[in-house]
Amino acid sequence: MAVAGSGSPRARRTRASRVRVSTPTAPAAGGPSSDDSERQGQERLAWLDIPRSGKISETIARDILDDIVVRKLPPGTMLSSEAVMLDRYGVGRASLREALRILEIHGLIKIKPGPRGGPVVAEVTSADLGRSATFFFHAVGATFADLLGARLAIEPLMAGLAASNLTAEGAEELNRALVDHERDATRPASSWGRTSAGFHVIVNGLSGNKVLDLLGRALLDIHAARSQTEFPVSGRGDVSRAHQRIAQAILDGDADVAEQRMRRHVQAQIANVRQTRPELLDELIDWR
């Protein structure tokens with residue numbers, strides 16, 4: 001990782017935090033001029049640009065994450081030893097360990113035990129985001145119905161984006177998903193459930209928007225963990241046909257149709273929950 005020198009994120013934040021903004025002085029007896037008023041307004045607004053000072057451990061956690069992203073370190077990469085990090089970031093052992101703990105809680109690193117252990121880059125997954133999100137969903141009293149509403153809002157949008165941004169590789173992936181549907185049509189419910197959810201994951205990814213993709217997958221993870229949906233063989237045909245129609249619109253590059261078909265599909269899923277598991281709708285999304 002790059003040493004946290006003058007161009008490092010921490011150095012930039014430190015310099016920003018030292019910026020001084022002059023306090024407006026009282027106007028002269030003759031009253032402030034328009035220039036004075038404008039300057040004073042700019043000085044007041046300038047305070048909004050000064051970052052809030054946070055705990056040292058949070059600052060170091062951000063710097064470590066910055067380094068991982070900038071260097072494009074793949075999962076499984078061992079980070080520097082504690083001694084090297086202490087020197088690199090110029091902090092105490094307690095602050096560094098707390099920073100690593102923050103990253104571990106968020107699933108961004110794993111601490112490998114043993115004499116040759118230490119912090120290791122972990123694969124970022126939607127499950128990590130989902131786990132963190134349920135904390136806040138629980139805190140604000142969000143329900144399963146809110147979750148379904150969020151899916152209905154963003155999944156059609158992602159299907160439309162997938163149609164607009166489709167690549168040759170994406171088309172191959174989508175066609176493979178349809179083959180998997182045929183293969184798993186009569187397999188156990190667990191296999192079919194993974195295949196069905198996997199189609200939505202693929203469409204999310206084809207949207208080309210990393211924020212929507214990760215958020216959409218996290219919502220699917222939360223849904224799957226709480227709904228325990230049954231997948232009788234008799235009802236799989238409708239789902240498979242809906243997925244095929246959505247896929248065809250995406251393959252045709254028709255964003256409007258892809259969005260409409262995904263909306264109808266998610267609406268059908270919501271209707272199924274209302275019919276088979278209505279008690280879920282008012283259930284709070286607990287933190288887990």
Side-chain angles (χ1 to χ4, degrees), residues 1-23 43-142 209-215 217-219 221-222 225 285-288:
M1 298 180 188
V3 176
S6 60
S8 71
R10 182 162 66 93
R12 291 195 297 271
R13 284 193 289 270
T14 300
R15 288 198 301 272
S17 67
R18 290 174 180 166
V19 173
R20 294 183 181 273
V21 181
S22 59
T23 303
E43 290 171 341
R44 286 194 297 270
L45 290 174
W47 285 100
L48 300 176
D49 295 328
I50 300 178
R52 293 178 299 172
S53 60
K55 296 177 63 176
I56 293 176
S57 58
E58 293 175 351
T59 301
I60 300 306
R62 286 194 292 269
D63 287 348
I64 295 173
L65 174 58
D66 285 343
D67 287 338
I68 291 173
V69 173
V70 169
R71 296 184 62 195
K72 299 181 179 180
L73 299 181
T77 302
M78 179 75 73
L79 299 183
S80 301
S81 67
E82 182 176 79
V84 171
M85 283 186 161
L86 289 174
D87 179 66
R88 176 172 295 152
Y89 296 109
V91 295
R93 182 173 285 106
S95 294
L96 175 62
R97 290 181 176 178
E98 185 178 352
L100 294 174
R101 177 60 178 160
I102 291 171
L103 295 176
E104 184 181 27
I105 289 173
H106 287 290
L108 298 174
I109 66 168
K110 295 180 180 178
I111 305 299
K112 183 179 178 181
R116 294 188 177 182
V120 179
V121 178
E123 181 179 4
V124 175
T125 69
S126 56
D128 296 318
L129 174 60
R131 189 179 306 111
S132 297
T134 59
F135 175 91
F136 297 100
F137 293 164
H138 195 168
V140 300
N209 186 299
K210 293 182 179 180
V211 172
L212 289 174
D213 177 24
L214 190 58
L215 176 58
R217 286 187 286 129
L219 295 179
D221 290 337
I222 298 171
I285 300 174
D286 57 334
W287 175 34
R288 57 167 111 157

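- Note: Thr134 OG1 to Arg288 CZ = 8.5 Å, rounded to the nearest 0.5 Å.
- Taking 4.0 Å as the cut-off between side-chain N and carboxylate O, Arg217 and Asp221 do not count as a salt-bridged pair.
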Could you walk me through whether Arg62 and Asp66 pass salt bridge (Lys or Arg N to Asp or Glu O under 4.0 Å), step by step? CA-CA 6 Å; Arg62 286 194 292 269; Asp66 285 343; over 6 Å; no

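- The two residues Ser80 and Arg88 make their nearest non-hydrogen contact at OG-NH1, 3.0 Å.
- Under a 3.5 Å cut-off, the side chain of Thr77 and the backbone N or O of Pro74 do form a donor-acceptor pair.
- Across every non-hydrogen atom of Gly130 and Ile222, the tightest pair is O-CD1, 3.9 Å.
- With sequence neighbours left out, Asp128 forms a salt bridge (Lys or Arg N to Asp or Glu O under 4.0 Å) with Arg131.
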Please set out all donor-acceptor pairs under 3.5 angstrom arising from side-chain atoms of residues 102-121, sequence neighbours excluded.
residue, atom, partner, partner atom, Å
Glu104, OE1, Arg101, NH1, 3.1

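- With sequence neighbours left out, Phe136 forms a ring pair (Phe, Tyr, Trp, His ring centres under 6.0 Å) with no residue at all.
- To the nearest 0.5 Å, atoms CG (Leu79) and CG (Leu100) are separated by 7.5 Å.
- One distance of note links CG of Leu214 with CG of Leu219; it measures 10.0 Å at 0.5 Å rounding.
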Does the pair Tyr89 and Thr59 meet the rule for a side-chain contact (heavy atoms from CB on, under 4.5 Å), with working shown? CA-CA 10 Å; Tyr89 296 109; Thr59 301; over 6 Å; no

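- For the pair Ala122 and Pro75, the tightest heavy-atom approach, listed with the atom from each and the gap, is C-CB, 4.1 Å.
- Smallest separation of non-hydrogen atoms from Leu96 and Ile60: CD1-CG2, 4.2 Å.
- Atoms CG and CZ, on Leu86 and Arg97 in that order, are 8.0 Å from each other to the nearest 0.5 Å.
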